[in-house]
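Okay, so here's the structure we're looking at.
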Amino acid sequence: MSVRVRFAPSPTGALHIGGVRTALYNYLFARKNDGVFILRIEDTDQNRFVPGAEAYIVESLKWVGLIPDEGIDFGGSYGPYRQSERKAVYRRYAHELVERGHAYYAFDPPEALEAQRQAEENFTYNYRTRTGLDNSLVLPDSRVQELLDAGTPCVIRLKVEPGQDIHIHDLIRGDVVFQSSELDDKVLLKADGMPTYHLANVVDDHLMEITQVIRGEEWLPSTAHHVLLYRGFGWTETMPQFAHLPLILKPVGNGKLSKRDGAKFGMPVFPLDWPGETPEARSMGFREAGFLPEAAINFLALLGWHPGGDQEIFTIDELVQAFSLEHINKGGARFDYEKAKWFNQRYIQMTPDGVLAGHIHPLAAARGYRTDLPFLTRVAALMKDRVHLLPDFVEQGYFLFEPVTQYDDETIRKKWNPAFHPAFENLLENIAQVAPFEAPALEEYVRHFAQEQGLKPGDILPLLRLALAGTMKGPAVFDMAALLGPAETNRRLAGALRHFSQVIATIAG
RNA sequence: GGCCCGUUCGUCUAGGGGUUAGGACGCAUCCCUUUCACGGAUGAAACACGGGUUCGAUUCCCGUACGGGCUACCA
């Protein structure tokens with residue numbers, strides 16, 4: 001039987017980075033096994049529906065390159081892939097389960113159950129309590145029919161028979177056993193006619209011929225219910241295998257990574273930006289933070305999984321080749337943003353300058369900088385070894401785009417000597433004539449010039465850097481000069497010379 | 001509270017009955033470089049605890065502790 005796996009997010013907001021990892025593991029598993037990767041939207045909660053969330057999910061998957069083979073927006077013959085469009089299907093199956101005696105109608109209004117929970121410490125709707133509640137198990141058939149005919153609001157609940165062990169063989173965790181007596185009679189079909197997750201996911205996984213369910217650990221406890229559903233429907237022969245993924249934990253402190261942690265720690269926890277009503281609700285995305293999608297994928301893949309060995313950098317094809325569910329760790333993995341940035345740095349280094357130029361383009365444009373690709377390509381070459389995120393190119397390399405207005409005066413006081421003035425005057429008059437105006441020629445000229453003037457390289461180089469960039473941080477001086485060109489180099493030298501004298505004059509005064 | 005899952009350097013992890021417990025991020029020192037980085041080298045840093053099983057447990061079993069998840073007409 002060919003492998004078919006699905007990623008089934010619910011459109012209640014931005015897709016969490018943990019969700020992206022779940023999608024990634026499903027994708028890798030599908031590719032590794034020549035299977036099919038399906039995107040299914042689980043929008044059965046009408047109250048939590050968020051407009052735009054579905055489009056966000058699709059755009060996120062596209063950005064990281066996890067393109068579904070089937071699903072909403074991607075075709076396939078097992079549709080519809082949006083659960084809200086399959087309402088009739090679930091209704092039919094829910095009733096079938098009632099007929100088979102594995103489910104029943106319950107008329108208890110939500111308020112009544114709420115009151116029960118208030119009154120009774122650990123109230124659970126199960127085999128113990130259901131006989132005293134308002135459902136088709138205790139009501140006479142005629143009365144049930146009457147209520148149904150009258151359109152009385154009701155739900156359909158799973159009838160869990162006590163006294164049986166439910167064994168699950170989890171592909172990641174091994175054997176897990178649940179006692180059915182501990183399980184509650186889960187609602188399968190809500191009063192609004194929509195199914196709950198439990199019914200919908202089992203029916204859809206069956207109908208869509210899903211072979212492995214790879215999902216978050218938060219689903220492990222309800223898997224016993226799902227197994228009971230497969231049994232109730234008589235689908236045990238084709239029941240999918242289960243694999244429950246460990247959670248992604250907060251960078252610091254306790255608990256799983258939450259949506260709010262992005263704003264809290266100033267780091268992205270979503271693939272793409274997601275606007276929020278308040279600053280705290282606004283979510284930064286990996287894309288907007290300046291990550292290359294390949295880097296984000298590489299980072300995510302290794303957060304909770306490793307194939308063994310010492311390799312850290314994996315192309316997507318290498319990930320596919322190396323992937324196996326058995327190597328997924330059982331324990332939760334803490335989100336480590338420093339490591340994420342390290343991956344991005346490595347991927348930036350590996351990316352050709354011309355490609356980087358394309359990434360820098362919009363960032364430069366946003367700041368009103370030069371945007372011609374040949375120039376940006378050279379910027380990329382000079383900066384790529386010292387950035388972690390794409391915006392660093394313009395934020396840390398600002399002096400390549402704009403005139404120097406701020407100088408590192410501290411260093412000027414240490415390095416500048418008024419006695420250098422004539423020499424620098426000379427340099428600024430003649431440097432523009434160096435031909436070709438490229439780094440090697442410039443370096444040769446300046447070093448030779450220093451010698452001529454009786455100066456050490458250490459006297460002149462730091463000051464030249466300060467003149468061109470204003471700061472002691474940055475690419476090789478001669479590379480910068482070459483990029484800036486003769487006119488700009490001359491201009492900056494002249495401006496710097498005036499500033500240097502002023503700074504010293506201030507001290508003297 | 002109940003049920004379920006987990007626990008190797010600070011973090012992500014490799015490993016697995018006998019190892020100097022390996023790698024990566026981060027950190028520190030040094031080299032390269034008259035900048036910042038990159039790169040290279042070196043270093044500090046871990047098997048939660050207690051019982052078994054065993055000639056021998058970090059590795060297998062059982063407890064304990066700690067962490068996590070679930071416990072809705074949410075997913």
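Residue numbers begin at 1 in each chain, while the letters A, B, ... track the order of the sequences.
The nucleotide whose nearest atom lies closest to any side-chain atom of A:Arg117 is, among B:G69, B:U13, B:C73, B:C73. For A:Arg447, taking side-chain heavy atoms from C-beta onward, the closest of the listed nucleotides B:U34, B:C74, B:A37 is B:U34. You'll find that the side chain of A:Lys456 is closest to B:U34, out of B:U34, B:A37, B:C25. Candidate nucleotides B:C4, B:C73, B:C3 were compared by shortest atom distance to the side chain of A:Glu182, and B:C3 ranks first. With distances taken from any side-chain atom of A:Asp336 to the nucleotides B:G69, B:U11, B:U7, the minimum falls on B:U11. Comparing B:G2, B:C12, B:A75 against the side chain of A:Leu303 picks out B:C12 as the nearest. Comparing B:G1, B:C38, B:U34 by their nearest atom to the side chain of A:Asn122 picks out B:G1. Checked against B:C4, B:A75, B:G15, the side chain of A:Phe178 finds its nearest nucleotide in B:C4. Closest to the side chain of A:Asp310, from the set B:A14, B:G22, B:A75, is B:G22. Relative to the side chain of A:Leu247, the nucleotides B:A75, B:U7, B:G69 differ in distance, and B:G69 lies closest.
Atom C1' of nucleotide B:A37 and atom NZ of A:Lys341 are separated by 15 Å, given to the nearest angstrom. Distance CD1 (A:Ile57) to C1' (B:A75): 12 Å, rounded to an integer number of Å. A straight line from CH2 of A:Trp342 to P of B:A37 spans 18 Å, rounded to a whole angstrom. A straight line from CG of A:Leu302 to C1' of B:C25 spans 11 Å, rounded to a whole angstrom. Atom CD of A:Glu120 is separated from atom C1' of B:U71 by 14 Å (rounded to the nearest Å). For A:Lys330 and B:G16, the NZ to P distance is 12 Å, given to the nearest whole Å. The distance from atom NE2 of A:His225 to atom P of B:C73 is 11 Å, rounded to the nearest whole Å. Rounded to whole angstrom, the span from the CD1 atom of A:Ile156 across to the P atom of B:C73 amounts to 15 Å.
When the nearest nucleotides of RNA chain B are assigned to A:Gly308 and A:Phe335 by heavy-atom distance, the more 5′-ward of the two goes with A:Phe335. The nearest heavy atom of RNA chain B to A:Lys473 and to A:Glu217 marks one nucleotide each, and the one closer to the 5' end goes with A:Glu217.
Among the heavy atoms of the strands, none lies under 4.0 Å from A:Asp408. A:Pro195 comes within contact range of the sugar-phosphate backbone alone, with a heavy-atom separation under 4.0 Å but no base atom that close. Residue contacts shown for A:Glu312 include a base, since a base heavy atom lies under 4.0 Å away. Using a 4.0 Å heavy-atom criterion, one finds that A:Arg215 contacts no nucleic acid atom at all. Within 4.0 Å (heavy atoms only), A:Asn329 reaches sugar-phosphate atoms of the nucleic acid but no base atom. At a threshold of 4.0 angstrom between heavy atoms, the contacts of A:Lys256 are confined to the sugar-phosphate backbone, with no base atom among them. Residue-level contact check: A:Val155 touches the bases, meaning some heavy atom is under 4.0 Å from a base atom. In this structure, A:Val477 reaches neither bases nor backbone, as no heavy-atom distance under 4.0 Å exists between it and the strands shown. Nucleic acid contact class of A:Arg334 (heavy atoms, under 4.0 Å, all strands): sugar-phosphate only. Across all strands, A:Pro475 comes closer than 4.0 Å to base atoms (heavy-atom distances). Note on A:Ala191: a base of the nucleic acid sits closer than 4.0 angstrom, heavy atoms only. Note on A:Thr44: only backbone sugar-phosphate atoms sit closer than 4.0 angstrom, heavy atoms only; bases stay farther off. Residue contacts shown for A:Asn254 are limited to sugar-phosphate atoms, with no base heavy atom under 4.0 Å away. Within 4.0 Å of A:Ala469, counting heavy atoms only, lies no atom of the nucleic acid at all.
Note that CD1 of A:Ile166 and CZ of A:Phe178 are 8.5 Å apart. Values are rounded to the nearest 0.5 Å. We find the OG1-NZ distance between A:Thr12 and A:Lys259 to be 4.5 Å, quoted to the nearest 0.5 Å.
Only the C1' atoms considered, B:C12 is 28 Å distant from B:G18, to the nearest whole Å. Between B:A24 and B:U19, the two P atoms lie 23 Å apart (nearest whole Å). Taking the P atoms as reference points, B:A57 lies 12 Å from B:G51, given to the whole Å. Here the separation of B:G22 from B:C38, taken at their C1' atoms, is 26 Å to the nearest Å. Taking atom P on both nucleotides, B:G26 is separated from B:G39 by 9 Å, rounded to a whole Å. The P atoms of B:G15 and B:C4 are separated by 29 Å, rounded to the nearest whole Å.
For B:C66, the paired base is B:G6 (Watson-Crick or G-U wobble, both distances below 3.5 Å). The base-pairing partner of B:U58, taking Watson-Crick or G-U wobble contacts with both distances under 3.5 Å, does not exist among the strands shown. The partner of B:C32 is absent, by the rule that a Watson-Crick or G-U pair needs both atom distances under 3.5 Å. Base pairing of B:A21: no nucleotide in any strand meets the Watson-Crick or G-U wobble criterion (both distances under 3.5 Å). Look at B:G1: its Watson-Crick or wobble partner, with both distances under 3.5 angstrom, is B:U71. The base-pairing partner of B:C27, taking Watson-Crick or G-U wobble contacts with both distances under 3.5 Å, is B:G43.
Note on A:Gln345: a side-chain N or O is less than 4.0 Å away from OP1 or OP2 of B:C38. Proximity of A:Lys339 to the phosphate of B:G10: no side-chain N or O atom is located under 4.0 Å from OP1 or OP2.
In this model, no donor atom of one side chain and acceptor atom of the other lie less than 3.5 Å apart for A:Thr124 and A:Asp184. In the model, A:Arg215 has a side-chain atom that pairs as donor or acceptor with a side-chain atom of A:His244 under 3.5 Å. With hydrogens and angles left out, the side-chain atoms of A:Asp45 and A:Tyr197 include no donor and acceptor closer than 3.5 Å. In this structure, a donor-acceptor pair under 3.5 Å is present between the side chains of A:Asn298 and A:Tyr347.
Between the side chain of A:Lys186 and the base of B:A72, no donor-acceptor pair of N or O atoms lies under 3.5 Å. In terms of polar N and O atoms assigned as donor or acceptor, the side chain of A:Arg173 never comes within less than 3.5 Å of the base of B:C5 in a complementary pairing. Evaluation of atom-type donor-acceptor distances gives a pair under 3.5 Å for the side chain of A:Arg48 against the base of B:C74.
Base orientation of B:C4: anti, the glycosidic angle falling outside 90° of 0.
By the 4.5 Å heavy-atom criterion applied to side chains, A:Phe401 and A:Leu376 are counted as neighbours. The shortest side-chain heavy-atom distance between A:Phe323 and A:Ile328 falls under the 4.5 Å cut-off.
The ring of A:His306 has its center no closer than 6.0 angstrom to the ring center of A:His327.
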Would A:Met350 and A:Ile313 count as a side chain to side chain contact (heavy atoms under 4.5 Å, CB included) here? Give the steps. CA-CA 11 Å; A:Met350 291 188 286; A:Ile313 302 295; 3.8 Å; yes

